[in-house]
J.: 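Pasting a structure here, questions to come.
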Amino acid sequence: MSLETPNAVYAGGFSNPPVAAAHAFRAAMNAMARPGEVQDITGAAPPDGISVAAGSLLLTLCDPETGVYLAPGTDSGALRGWLAFHTGAPVVPAEQADFALGSWEALMPLDRFRIGTPEYPDRSATLIVDTPGYYGTNAVLSGPGIKETARMQLPELTAFQNNAALYPLGVDFFFTSGSLVAALPRSTGITREA
Amino acid sequence: MYVAVKGGERAIENAHAWLAEERRGDTSVAELSLDQIREQLSLAVNRVMAEGSLYDPELAALAIKQSRGDLIEAIFLIRAYRTTLPRFGYSQPVETGEMACDRRISATFKDAPGGQVLGPTFDYTHRLLDFKLAAEGEVPEAPVSEPRLEATPHISEFLQGEDIIEREPSSDGVPGDLTREPMSFPAGRAVRLQSLTRGDEGFILGMAYSTQRGYARNHAFVGELRIGTVPVEMDIPELGFAIEIGEVELTECETVNQFKGSKTVPPQFTRGYGLVFGQSERKSIAMALVDRALRWEELGEDNVGAAAQDEEFVLSHADNIQATGFLEHIKLPHYVDFQSELELVRKLRREAAEMAETLAAREAAE
Amino acid sequence: MNDYNFAYLDEQTKRMIRRAILKGLAVPGYQVPFASREMPMPYGWGTGGVQVSAATLTPEDTLKVIDQGADDTTNAVSIRKFFEKTAGVATTEETEKASVIQTRHRIPEAELTEDQILVYQVPIPEPLRFLEPRETETRKMHSLQEYGLMHVKLYEDISQHGAIATAYAYPVKVEGRYVMDPSPIPKFDNPKMEMAAIQLFGAGREQRIYAVPPYTQVVSLDFEDYPFEASKADHPCDLCGAEDSYLDEVILDDAGTRMFVCSDTDYCRTRRDAGHAGRLGAEAA
């Protein structure tokens with residue numbers, strides 16, 4: 001790091017990384033195991049414009065072994081510096097990303113991201129959709145992790161339905177807002193709320 | 001009356017205490033020091049470093065002491081410790097052509113620049129127990145000659161000059177690392193070599209021997225075997241250049257193998273390669289033979305179905321820590337599974353008996 | 001052990017395992033390759049389960065470790081001690097007080113809740129392995145859902161023995177897609193796998209992690225005319241009288257006298273504490 005790097009880059013990491021990461025991971029795991037269910041996730045103080053939840057996911061899951069795509073509107077010198085300092089994760093194009101961060105609109109089109117291969121469906125991207133807030137619901141979810149049905153607000157339905165149709169291939173989603181996170185794995189069936 | 005077995009914790013502690021006592025042995029006999037192990041059991045230390053994948057003679061000696069001389073147990077200790085070490089960076093590839101050789105022999109040429117240097121080898125010792133060693137091990141000093149100042153060239157370079165041996169493709173690509181990424185097949189030669197150099201010496205030896213006996217024979221000559229030290233250099237980003245951070249002892253074996261040629265390639269020699277930490281001669285030769293056998297596909301040879309040609313087979317079973325763990329785990333309690341089999345076998349027998357009875361009754365009625 | 005990180009593993013290793021767990025949850029029953037580390041206990045002794053637990057535990061967790069259903073079997077004791085030392089977590093033998101349960105070969109009898117995580121130790125994660133030893137082949141078979149070989153094997157059992165001769169590690173199909181090895185639990189436990197808790201499976205030596213999210217459909221493979229049967233010894237527990245628990249058979253004397261006791265030691269103890277008694281229960285207490 002050069003001396004010109006703003007101090008903000010060094011700040012905002014986990015204060016006690018093993019414990020903070022353990023807590024954040026449990027939130028992320030509970031979210032992924034129970035699609036649509038909202039969990040608290042905290043610990044990170046990322047640069048402005050990124051939610052605490054998204055920042056905490058990045059610190060928990062990213063390191064030099066994972067490529068991160070930063071969508072337009074999210075990508076900034078401050079975020080790149082912060083990400084590099086705290087995780088060492090390389091910033092990569094969407095097509096190579098293990099993780100991608102941005103607003104729903106900025107992450108589009110979806111078909112740029114890796115969806116895995118038939119033999120290795122895990123070689124796929126996880127998208128962190130940073131949203132302004134949770135409000136209402138428009139989708140009914142069913143599948144693994146869901147007792148009968150769950151409800152959730154999605155930015156649109158078709159893209160997610162198309163992704164689910166690729167199963168077991170596809171991408172997985174985290175939705176972050178403030179210090180909240182919910183997830184939508186590729187295994188979830190989605191219908192429009194009546 | 002029946003009381004379920006309890007007190008596992010106490011039993012474990014007691015077992016550990018007993019183990020420590022047994023390790024120490026008779027206390028009227030002087031305790032082994034790490035220096036003694038490192039200096040006098042150096043080939044054991046070398047094996048532990050090679051298969052433990054950690055170049056640290058001091059720690060290897062400690063592991064040997066702690067494991068009561070069970071080298072696989074010692075390798076396990078080193079592996080478990082190694083995993084916890086942070087990675088600061090990666091060294092430059094070592095240059096074995098620059099090796100300060102203690103030993104360097106070629107079976108393919110009577111003599112070559114750099115000479116045939118026997119070095120400290122068992123090769124021509126007559127395997128007669130030396131009872132003098134039982135009394136005391138003091139030895140007269142060995143004669144010394146002037147060390148060679150210039151680098152000792154690789155034998156394969158001479159063949160390369162004539163273009164009669166395959167050229168190794170050079171690459172600046174980062175080789176895979178099976179300790180950081182799960183193994184998948186085909187693994188590629190770099191990961192294969194990593195697996196072989198860490199692999200169990202006995203397993204690699206057996207595989208290599210099988211190729212010599214005709215299970216994918218590859219007509220190997222030891223083109224060159226060299227043992228010596230090489231410097232290890234590492235790029236230091238803050239400095240902008242590489243500095244020497246130490247030196248390691250290595251054994252390198254390059255075999256020269258006959259190759260009849262293919263549709264696109266004229267007849268020439270090919271190579272198998274072995275490189276192992278420390279003085280580990282048997283292992284490096286075996287590694288080179290197995291490496292060569294595994295290259296059948298790349299060289300357009302037939303797969304004769306030999307074990308040593310089967311990458312998945314060799315790489316999945318070469319690691320003695322994996323093998324010994326799984327082998328020994330069958331001594332753990334399995335009574336729940338056994339119970340389910342017991343119920344099943346009883347049920348199947350009952351049904352078979354009933355069936356036999358029914359048939360007998362039917363026959364009697366007829 | 002102060003020189004080691006919380007829960008032993010370094011943070012980078014935990015991140016790698018955590019990423020694999022998330023993928024496993026996203027694709028239930030699919031075996032995610034992970035770069036399993038060498039642990040300070042032998043492969044085959046729960047290194048996969050230990051790595052998954054280490055990546056999952058928080059300091060507030062209460063951990064229970066069982067082997068063969070019992071908390072006091074030596075390997076369970078050893079693993080529990082490992083986490084007491086390296087993670088400083090509370091431990092318990094009581095199923096309902098545990099937030100994370102690491103198990104070898106059993107699912108507890110008590111129904112698990114949404115607040116619990118069950119971590120299985122898995123020796124051979126590939127259900128097709130004994131039909132086809134090659135990973136390159138079995139991976140293809142999973143990708144194409146080519147599970148005919150498994151059905152043929154089960155059917156051969158039936159034609160030869162009149163029943164499916166698999167008593168443990170009985171294969172299941174997860175959410176209609178992946179055939180999965182449930183680990184070597186007795187088939188008695190298979191129906192419990194549709195549960196409220198998160199189930200995570202770790203195979204250290206074989207470098208695989210897989211998962212079953214809560215309420216996921218888990219179906220034991222069978223045939224219409226030979227339906228799956230979750231069998232156990234046809235006895236009640238001699239200590240607590242339970243009719244619904246999996247039993248161990250204990251040989252009591254040279255004459256071969258047997259008794260049957262719950263394999264789940266906590267379940268048996270809880271029942272006896274509540275006043276239930278089996279054939280030999282009064283004497284044993």
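In what follows, every heavy atom counts, from backbone to side chain, and hydrogens, waters and symmetry copies are set aside. So you know, we letter chains A, B, ... as the sequences are listed, proteins then strands, and number each from 1. Since the structure is predicted, the reported quantities are computational estimates derived from the model, not experimental observations.
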J.: Heavy-atom pairs under 4.5 Å with chain B - which of S231(C), A165(C), A76(C) has more of them than the others?
T.: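 The residue among S231(C), A165(C), A76(C) with the greatest pair count is A165(C).
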J.: Is there a donor-acceptor pair under 3.5 Å between the side chain of R104(C) and the backbone N or O of P333(B)?
T.: yes
J.: Hey, does the side chain of E249(C) reach the backbone of Q339(B) with a donor-acceptor pair shorter than 3.5 angstrom?
T.: no
J.: How close do I12(B) and V77(C) get, heavy atom to heavy atom, and via which atoms?
T.: CD1-CG1, 3.9 Å
J.: Where do S340(B) and Y168(C) come nearest, in terms of heavy atoms and distance?
T.: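 In this case the closest contact between S340(B) and Y168(C) is OG-CD2, 3.5 Å.
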J.: Distance-only, no hydrogens or angles: does the Y335(B) side chain make a donor-acceptor pair with backbone N or O of V250(C) under 3.5 Å?
T.: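 No, because the side chain of Y335(B) does not come within donor-acceptor range (under 3.5 Å) of the backbone of V250(C).
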J.: For the residue pair K187(C) and E343(B), establish whether any side-chain heavy-atom pair is separated by less than 4.5 Å.
T.: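 A side-chain contact is absent here, since even the closest heavy-atom pair is not under 4.5 Å.
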J.: With only heavy atoms counted, which part of E229(C) is less than 4.5 Å from chain B, the side chain, the backbone, both or neither?
T.: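 Contact with chain B: side chain only.
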J.: For D310(B), is it the side chain, the backbone, both, or neither that has a heavy atom closer than 4.5 Å to a heavy atom of chain C?
T.: side chain
J.: How long is the span from the OH atom in Y43(C) to the CG atom in N320(B), to the nearest 0.5 Å?
T.: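 CG of N320(B) is found 11.0 Å from OH of Y43(C).
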J.: Side chains of W45(C) and L332(B): closer than 4.5 Å at any heavy-atom pair?
T.: yes
J.: Is the backbone of M183(B) close enough, under 3.5 Å, to the side chain of Q207(C) for a donor and an acceptor to pair up by distance?
T.: yes
J.: Any side-chain to backbone donor/acceptor pair from R37(C) onto T179(B)? Under 3.5 Å, distance only.
T.: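 Looks like yes, one N/O pair under 3.5 Å.
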J.: Answer yes or no: is there a side-chain heavy-atom contact under 4.5 Å between D10(C) and T84(B)?
T.: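 Answer no - side chains too far apart.
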J.: Counting C-beta onward and ignoring hydrogens, is there a side-chain heavy-atom pair between E13(B) and K81(C) closer than 4.5 Å?
T.: yes
J.: Taking all non-hydrogen atoms of both residues, which atom of P40(C) and which atom of A80(B) are closest, and how far apart?
T.: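 The answer is CA-CB, 3.9 Å.
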J.: What I'd like to find out is whether the side chain of R205(C) reaches to under 4.5 Å of the side chain of H329(B), using heavy atoms alone.
T.: no
J.: Kindly give the heavy-atom pair with the smallest separation between F326(B) and G44(C), and that separation in Å.
T.: CD1-CA, 4.3 Å
J.: L342(B) versus chain C, heavy atoms under 4.5 Å apart: side chain, backbone, both or neither?
T.: side chain
J.: When heavy-atom pairs shorter than 4.5 Å are enumerated against chain B, which of R80(C), M39(C), R134(C) gives the highest number?
T.: R134(C)
J.: If you compare all heavy atoms of P186(C) against all heavy atoms of V336(B), which two are closest, and at what distance to 0.1 Å?
T.: CD-CG1, 3.5 Å
J.: For L348(B), is it the side chain, the backbone, both or neither that has a heavy atom under 4.5 Å from a heavy atom of chain C?
T.: side chain
J.: Given that the side chain runs from C-beta out, which part of F185(B) has a heavy atom under 4.5 Å from chain C: side chain, backbone, both or neither?
T.: both
J.: Side-chain contact, heavy-atom cut-off 4.5 Å: P133(C) with F313(B)?
T.: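 Side chain of P133(C) against side chain of F313(B), heavy atoms only: no contact under 4.5 Å found.
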J.: Under a 4.5 Å heavy-atom cut-off, does chain C meet the side chain of R346(B), its backbone, both or neither?
T.: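 Only the side chain of R346(B) comes within 4.5 Å of chain C.
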J.: Quick one: CZ on R180(B) to OG1 on T13(C), what's the gap to the nearest 0.5 Å?
T.: 5.5 Å
J.: Is it true that H161(C) and R349(B) share a donor-acceptor pair across their side chains at a distance under 3.5 Å?
T.: no
J.: Could you tell me whether E312(B) and R139(C) make a salt bridge, using a distance below 4.0 angstrom between a side-chain N and a carboxylate O?
T.: no
